Protein chains: 2
Amino acid sequence: MGRRRPGTPTLEEVAARARVGRGTVSRVINNAAGVKESTRRTVQRAIEELGYVPNLAARSLAGRRADAVALVMTEPDWRQFAEPFFSEIVSSLGDALTDTGIQLLLTLVRSDAERQRFLEYARGGRVDGVLLMSVHAGDPLPDMLAEARMPTVLLGRRSGDEYVSYVDADNIGGARSAVSHLLQRGRRVIATITGPLDLYAAQCRLRGYQEALASAGLEGERTRVAESDFTAESGRRAMAELIERHPDIDGVVAASDTTAAGALEALRAAGRRVPEDVAVIGFDDFPLAQRTEPRLTTVRQPIEEIGRAMVRLLLEEMEEGAVAWRHVILRTELVVRDST
Amino acid sequence: MGRRRPGTPTLEEVAARARVGRGTVSRVINNAAGVKESTRRTVQRAIEELGYVPNLAARSLAGRRADAVALVMTEPDWRQFAEPFFSEIVSSLGDALTDTGIQLLLTLVRSDAERQRFLEYARGGRVDGVLLMSVHAGDPLPDMLAEARMPTVLLGRRSGDEYVSYVDADNIGGARSAVSHLLQRGRRVIATITGPLDLYAAQCRLRGYQEALASAGLEGERTRVAESDFTAESGRRAMAELIERHPDIDGVVAASDTTAAGALEALRAAGRRVPEDVAVIGFDDFPLAQRTEPRLTTVRQPIEEIGRAMVRLLLEEMEEGAVAWRHVILRTELVVRDST
DNA sequence: CCCAGGGTTGGGAGCGCTCCCGACTTGGTG
DNA sequence: CACCAAGTCGGGAGCGCTCCCAACCCTGGG
């Protein structure tokens, strides 16, 4: 296992070259106050001349921190990763971390072995905190991290998750507003295409749909609900199924823009006009929503804010050492375009 | 910056509890030989009772290795990440690393600042090697890593890349075989939809297309070439454009399955039957290729082997300290389905 | 000219582990 | 029963950094 790399200059060597003490060099590289400007410059020159780079293992060991956080994807079906939601979130997290000096590391956890390995990595101190996305109902990872007292923030809660911090969008409210909008537009036979129902977010959106119908005095029929897995393909299938069961459908609330895009195709194939015959609403407001034909009315999730909030909560937990749990629910917003 | 976590037991404490020396405990946790079975069990019990987890920073510092490698995505347009190619590769790399005890970390490099930060991370010794995917022509990262003597393996070479290790598929050969196949099927007006041409892989596929046409004595017309960015949407657009320019097209070689899927839609929209009027060939052989209508004939890239080869090369470089460059070109394979 | 007090600086004491050498146990041999 | 090699073990010497306290340097007021 000879994995060592060629000798890099050490802090001590920089100190010798600049004719100062170790402490001074340390202060300079950490931008700490209390160093005379002239000294700082001397040290900086020595650093450049030697091409010095701090050894992060030593820094971690002495400083008891890693300056890195992990974003874990536990998606058992890792292909979901290809959905735009992931890349949008990852991007926003990256942005939110930009000037904290913290490195964002993505890791896959696709099996028990990988979960175990990651846990050792985290407990071993290679990261200071963990962001978890797309956590399914039975996943033990959050509890394991909690037990290890590792600061953790979930994206999207699971039902009953109180003893862990999370950031989530107001899925129920979003779905309600989608249905209300359709009702206002005079639609009366409204169906929904849900996401995978082992995801709490998908359950919430379904609940919002049902509640809105109920409070409008309309019967929420079970048969007007079809499940998808958030992909366009499954959206198409679900829509086809719904039309067949209920030819009189005049409105659909989809669980994501991707799903809605699939639904649009199915409607076109069935000869239904959108929005004239059937109005369609998506969820997420991804760039995709503006490129469909017609452009999609959709419930906007504030992805940018979600990322920022996750990072903020995580930093807070890291600061205080996970003594409290924080929950943030972000408001959604209906974006009306041409499909309703 | 109080980022420290609560006190974890140390190796020394385990040793004390098991009434052995530090060295013995170290041997046990590293599964080294030369420990009596009974001693090993005693130590193991102590480890469990204390819930001991090795401090990886200390291990790195003393052992001069990180037991981690990074997979860097330098895609300036990070949304490409959502393409299936990425998740397939990531999956195969994960598999290839499973029993090496090495943690795979994905990192995004979307800007100069992020590139700099990653470089410090890598040079600081947090990873033992770097895998680079989707490297565009002008990207300075490979050279920077080489200068730091960091073991590095590229996925897909860039033109003229000799002084860096890489793994690539035989893109030229793959494209040639696609064209040959169409010629055999009696097609004579063959177009191509390329990938983004600043990617060497896309250039190679284009070259293969041109060479195959030339050696069949057919004129390779420039106007039968349309560029895409590997997305379905751009494939659709490119195809529409091609049909307009050349209504007599009877064969198309697309630069990826996703692009081909887009092309299929455009053909359908234009009332062309596949394969009767126009034969279509994809590239990659993703699961998608079997779900299109009709199922796609495609040039298979051996993703699994690519991942394994990348890991193998990287491990070799890590072992010897980047003293040589290795190049592996993997054969592609034509998979004939219903679209030709 | 002396001294207080703030601004700088040096370097000891770890952080928790691996490496490795020397020492101690065995059990078999002569 | 002495002796030796192989099998086990203990613990010193770092790895390169941060933290922190003591020591030093000035400056200005008394």
Side-chain angles (χ1 to χ4, degrees), chain A residues 1-43 46-47 50-67 101 120 123-126 128, chain B residues 1-43 46-47 50-67 101 120 123-126 128:
Chain A
M1 291 284 230
R3 213 165 290 163
R4 48 204 50 127
R5 295 198 310 118
T8 318
T10 70
L11 198 161
E12 197 107 27
E13 286 165 38
V14 174
R17 174 159 200 130
R19 304 180 174 291
V20 299
R22 257 183 7 263
T24 305
V25 179
S26 175
R27 259 159 259 157
V28 170
I29 57 181
N30 290 300
N31 260 316
V35 180
K36 217 194 304 174
E37 193 48 35
S38 60
T39 315
R40 185 180 295 273
R41 264 199 297 276
T42 315
V43 172
I47 289 177
L50 263 50
Y52 170 74
V53 179
N55 177 317
L56 297 180
R59 176 176 285 175
S60 282
L61 181 56
R64 291 127 179 290
R65 90 174 68 140
D67 289 317
E120 272 167 33
R123 301 223 301 154
R126 295 300 274 255
D128 300 316
Chain B
M1 291 284 230
R3 214 166 289 162
R4 47 205 51 128
R5 295 199 306 119
T8 318
T10 70
L11 197 163
E12 196 107 28
E13 286 165 39
V14 174
R17 175 159 198 129
R19 301 179 178 291
V20 298
R22 262 188 357 269
T24 305
V25 179
S26 176
R27 259 159 257 156
V28 171
I29 57 180
N30 290 301
N31 260 316
V35 181
K36 218 194 304 173
E37 192 47 37
S38 60
T39 315
R40 185 180 296 273
R41 265 200 297 274
T42 315
V43 172
I47 289 176
L50 263 50
Y52 169 74
V53 180
N55 177 317
L56 297 182
R59 175 176 284 177
S60 281
L61 181 57
R64 291 126 177 292
R65 89 175 73 134
D67 289 317
E120 273 167 31
R123 303 222 302 154
R126 295 300 274 255
D128 300 316

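Naming: A, B, ... by sequence-line order, numbering from 1 per chain. Not measured: the values here are computed from a predicted model.
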Engineer: Over all heavy atoms of both residues, which pair between A:Thr8 and A:Val53 is shortest? Give the atoms and the distance, please.
Structural biologist: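 Smallest interatomic distance, heavy atoms only, reads CG2-O, 4.4 Å.
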
Engineer: In whole angstrom, what separates A:Arg64's CZ from D:dC19's P?
Structural biologist: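 My rounded result for the distance is 10 Å.
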
Engineer: Ion pair present between B:Glu13 and B:Arg17, side-chain N to carboxylate O less than 4.0 angstrom?
Structural biologist: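 Salt bridge absent between B:Glu13 and B:Arg17.
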
Engineer: Just compare C:dG16, C:dG12, C:dC19 and give me whichever is closest to any side-chain atom of A:Arg22.
Structural biologist: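 When the side chain of A:Arg22 is considered, C:dG12 is the closest of C:dG16, C:dG12, C:dC19.
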
Engineer: A:Asn30 CG to D:dG16 C1': how many Å, rounded?
Structural biologist: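 Answer to the nearest Å: 13 Å.
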
Engineer: Taking all non-hydrogen atoms of both residues, which atom of B:Gly51 and which atom of B:Pro9 are closest, and how far apart?
Structural biologist: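 Looking at all heavy atoms of both residues, the shortest contact is O-CG, 4.1 Å.
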
Engineer: Roughly how bent is the helix from C:dC1-D:dG30 to C:dG30-D:dC1 end to end, in steps of 10 degrees, with each end axis from five pairs?
Structural biologist: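 The two end axes of the helix from C:dC1-D:dG30 to C:dG30-D:dC1 meet at 60°.
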
Engineer: Can you tell me how far apart CD (A:Glu12) and OH (A:Tyr52) are? Round to the nearest 0.5 Å.
Structural biologist: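 Output value for this atom pair is 10.5 Å.
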
Engineer: Output the distance between atom CG (B:Asp67) and atom CD (A:Glu120), rounded to the nearest 0.5 Å.
Structural biologist: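 Rounded to the nearest 0.5 Å, the CG-CD separation comes out at 11.0 Å.
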
Engineer: Within this structure, what is the CZ-to-P distance between A:Arg65 and D:dC17, rounded to whole angstrom?
Structural biologist: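 Rounded to the whole Å, the gap is 15 Å.
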
Engineer: Output one line per pair: protein atom, nucleotide atom from nucleotides 4-9 of chain C, and distance, for all N/O pairs under 3.5 Å.
Structural biologist:
| from | atom 1 | to | atom 2 | distance (Å) |
| --- | --- | --- | --- | --- |
| C:dT9 | OP1 | A:Thr39 | OG1 | 2.4 |
| C:dT9 | OP2 | A:Lys36 | N | 3.1 |

Engineer: Rounded to the nearest 0.5 Å, what separates atom CD1 in A:Ile29 from atom CZ in A:Arg40?
Structural biologist: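 Answer rounded to 0.5 Å: 11.5 Å.
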
Engineer: Using whole Å, report how far CG of B:Asn55 lies from P of D:dC17.
Structural biologist: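 Roughly 16 Å, once rounded to whole Å.
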
Engineer: What is the distance from CD of B:Glu12 to P of C:dC15, rounded to the nearest Å?
Structural biologist: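 About 10 Å, once rounded to whole Å.
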
Engineer: In whole Å, what is the span from the CD1 atom of A:Ile29 to the P atom of D:dC17?
Structural biologist: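 Nearest whole value for this atom pair: 7 Å.
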
Engineer: Distance check needed: C:dT18 C1' versus B:Asn31 CG, whole Å only.
Structural biologist: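 Answer to the nearest Å: 15 Å.
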
Engineer: Would you say B:Ser26 places a side-chain N or O within less than 4.0 Å of OP1 or OP2 belonging to C:dC17?
Structural biologist: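 Answer no for this pair, as no side-chain N or O of B:Ser26 is under 4.0 Å from OP1 or OP2.
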
Engineer: Separation of B:Leu61 atom CG from C:dC15 atom C1', in whole Å?
Structural biologist: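 Taking CG of B:Leu61 and C1' of C:dC15, I get 9 Å after rounding.
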
